[in-house]
Amino acid sequence: MNVGFYTARSGLITMQQGLDIVSNNIANQQTNGYKALRPSFSDLLYTVQKPQDAQAQTGDGVKVLKTDLMYERGQLMLTNRPLDYATPSDGFFATKNAAGDISYTKDGAFSIAQDGTTWKLVNANGENVLDENKNPITLNLNANGEIDSEELTSQLAVFKFENPYGLEANGANSYFQTQSSGEGIADNSLVKLSGSLEQSTVDLGEQMIKMIELQRGFQLNSKMVQTADEIASIVNNLR
Amino acid sequence: MLRGFYIASNGLINQQKTLETISNNIANSQTPGYKADTSIQNTFKRELILLNGGRKNSTGTIEYKYTEASYTGLTQGSFEFTKSPLDVAIQGPVYFNVESNAGDKLLTRSGQFKIDDEGYLALENAGKVLGQNGAIYVGKSDFTISNSGEILINGKSIDKLQLSYVDDTKNIEKFGNNTFKLVGDASGQVPQDIKYSIIQGAYERSNVDVGVEMTRAMAAQRSFEAMSQALKQMDLINQRAANELAKI
């Protein structure tokens with residue numbers, strides 16, 4: 001059987017998936033608090049050509065094994081907007097959506113929303129930002145209708161993970177905790193800076209190189225599909 | 001006369017197997033820690049001589065070519081530095097040891113590790129990475145691996161990576177998921193005089209040279225074509241023999 005066809009096909013699919021991931025990184029180059037993802041490839045099982053001899057093995061292709069969250073600290077950008085927060089240490093802010101799911105984010109561009117008679121601190125999606133007891137932060141406005149920035153900063157909690165590489169990306173700039181990452185633990189010693197935002201960690205140069213590599217990989221695999229096809233055509237023309 | 005038929009068809013099968021190996025190398029040109037395979041061919045006659053303990057008065061005179069084995073080139077791949085503490089690379093002829101879920105000891109050079117749900121250092125889909133005292137519990141990503149393989153948390157050594165030495169491609173077999181298995185009587189014991197270095201924050205790339213692979217693919221494809229021509233010629237001769245020789 002013409003196994004080479006399917007091996008090269010797995011290469012095409014995998015390189016394509018790799019390109020999807022790289023392309024998503026590049027698209028999020030300006031997203032606050034974004035951490036780059038990396039495709040991690042793996043070979044497939046091997047076929048033994050001669051049953052009595054394990055040395056004669058042929059591989060069956062490649063797959064995307066997992067995507068790694070390439071956690072690293074991003075650069076801070078000064079915005080001077082009092083409701084912008086950054087955690088220069090390895091901390092995360094916690095938010096809770098209407099369904100009660102708690103997710104963690106590095107994006108500290110918050111706003112204030114009116115909830116009945118109270119004022120709540122929310123993120124760009126309108127999800128409540130949480131304090132250290134994982135309760136929504138309620139703001140007290142003074143007589144002039146201004147917020148007390150210092151009080152807000154003290155209310156805002158920063159959560160830390162034993163293994164931030166184990167977090168699961170959830171879209172909308174947020175992450176879910178997993179068993180691998182451990183539970184998010186509120187840590188008051190972690191710095192939170194008002195008036196600045198953490199930028200995306202995507203290194204455009206690095207991603208472009210990855211893109212070129214994967215594109216060439218795709219091309220080479222397509223050549224192998226062509227070769228396998230030509231082999232099939234030769235076989236068909238034997239008679 | 002019919003012998004030529006089978007010699008040519010063997011050539012076809014061989015070149016196709018060679019192409020399968022090349023195809024797998026190209027598919028894995030971006031796979032961390034992947035080692036390229038080369039398919040090696042031998043002739044049937046030589047194989048018979050070998051089987052007869054080197055005596056040449058063997059029965060075979062037919063020069064069949066057939067795929068003898070695939071050879072895994074164990075050369076070092078290049079490094080890519082990533083800053084992630086979970087990426088670990090090896091310089092030198094040693095391999096990380098991983099315990100599969102079935103309890104087998106597997107070898108790998110693919111250093112894109114993770115911390116599993118129980119807090120152990122692990123290779124995705126393969127199993128837990130082994131230290132001198134069994135699986136390595138790190139619990140958090142804030143750990144350091146020294147050049148000698150010592151794992152440190154807060155400056156205190158908790159374990160040392162278990163490594164296996166592979167000196168010959170004959171001693172390993174590929175097992176999928178970026179892993180190898182020791183075969184035969186190889187112990188994997190690292191000799192004292194072997195120099196290696198463990199590098200944290202980098203991973204080893206595939207050692208596939210796509211230029212070489214493409215050249216081999218072209219050669220194999222043309223060889224396949226030539227064999228098919230030979231087969232057609234053989235067919236033509238047989239046709240002549242069958243249809244024209246009788247017409248005297």
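Lettering of chains follows the sequences in order, A, B, ..., and the numbering in each one begins at 1.
With salt bridges taken as basic N to acidic carboxylate O contacts below 4.0 Å, none links A:K160 and B:D142.
Here the OG-CG distance, from B:S228 to A:N236, works out to 11.5 Å after rounding to the nearest 0.5 Å. Put simply, CD on B:E118 and CD on A:Q179 are 8.0 Å apart, with the number rounded to the nearest 0.5 Å. Rounding to the nearest 0.5 angstrom, the gap separating the CD atom in B:E124 from the CG atom in A:L65 is 5.0 Å. Atoms CG and CD1, from A:L220 and B:I26 in turn, are 5.5 Å apart once rounded to the nearest 0.5 Å. In this structure, CD in B:E20 is found 10.0 Å from CE in A:M224, a value given to the nearest 0.5 Å. We find the CG-OH distance between B:D87 and A:Y165 to be 8.5 Å, quoted to the nearest 0.5 Å.
Contacts of residues 200-214 of chain A with chain B at a heavy-atom distance below 4.5 Å involve A:K210, A:E213, A:L214, listed in sequence order.
Residue B:N28 is tested with A:D43, A:T7, A:T14 for a side chain to side chain contact (heavy atoms under 4.5 Å, CB included); the sole match is A:D43.
Both the backbone and the side chain of B:L19 come within contact range of chain A, with heavy atoms under 4.5 Å apart. Interface remark: A:L44 contributes backbone atoms only to the contact with chain B (heavy atom separation under 4.5 Å). For B:I115, the parts lying near chain A are the backbone and the side chain together; criterion is any non-hydrogen pair under 4.5 Å. Contacts between A:R38 and chain B at a heavy-atom distance below 4.5 Å involve the side chain alone, from C-beta outward. Proximity to chain A involves both the backbone and the side chain of B:N177, based on heavy atoms less than 4.5 angstrom apart. Only the side chain of B:Y203 has a heavy atom closer than 4.5 Å to any heavy atom of chain A. For B:E80, the part sitting under 4.5 Å from any heavy atom of chain A is the side chain, from C-beta outward, and nothing else. Interface remark: B:D116 contributes backbone atoms only to the contact with chain A (heavy atom separation under 4.5 Å). Using a 4.5 Å cut-off between heavy atoms, B:F113 contacts chain A through its backbone alone, with no side-chain atom that close.
Between A:M15 and B:S29 there is a side-chain heavy-atom pair separated by less than 4.5 Å. Counting only heavy atoms from C-beta outward, the side chains of B:L12 and A:L238 approach each other to under 4.5 Å. Using a 4.5 Å heavy-atom cutoff, the side chains of A:Y46 and B:D37 are in contact. Side-chain contact between A:M70 and B:T82: present, with at least one pair of heavy atoms (C-beta onward) separated by less than 4.5 Å.
Each side chain to side chain donor-acceptor pair (under 3.5 Å) pair with one or both residues in residues 217-229 of chain A, not counting sequence neighbours, appears once here: A:R216-A:Q219.
Annotation for B:S23 and A:G4: closest pair OG-O, 3.1 Å, computed over non-hydrogen atoms. Shown here for A:L45 and B:F175, the closest heavy-atom pair between the two residues is CD2-O, 3.7 Å.
Residue-environment remark: CG (A:N237) exceeds the threshold of 12 foreign heavy atoms within 6.0 Å. Around the NZ atom of A:K134, the shell of radius 6.0 Å holds more than 12 heavy atoms that belong to other residues, nucleotides or ligands.
Counting heavy-atom pairs closer than 4.5 Å to chain B, the top-ranked of the candidates A:V235, A:D60, A:T178, A:V62 is A:V62. When each of B:S110, B:G33, B:A126, B:P85 is checked for heavy-atom pairs under 4.5 Å with chain A, B:P85 comes out on top. Contact count versus chain B (heavy atoms, under 4.5 Å) is highest, among A:A8, A:A228, A:S40, for A:S40. Looking only at heavy-atom pairs under 4.5 Å with chain A, the residue among B:K174, B:K232, B:Q221 that has the most is B:K174.
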Practice problem: Test B:V138 against A:N163 for side chain to side chain contact (heavy atoms under 4.5 Å, CB included), laying out the working first. | Solution: CA-CA 10 Å; B:V138 283; A:N163 173 28; over 6 Å; no

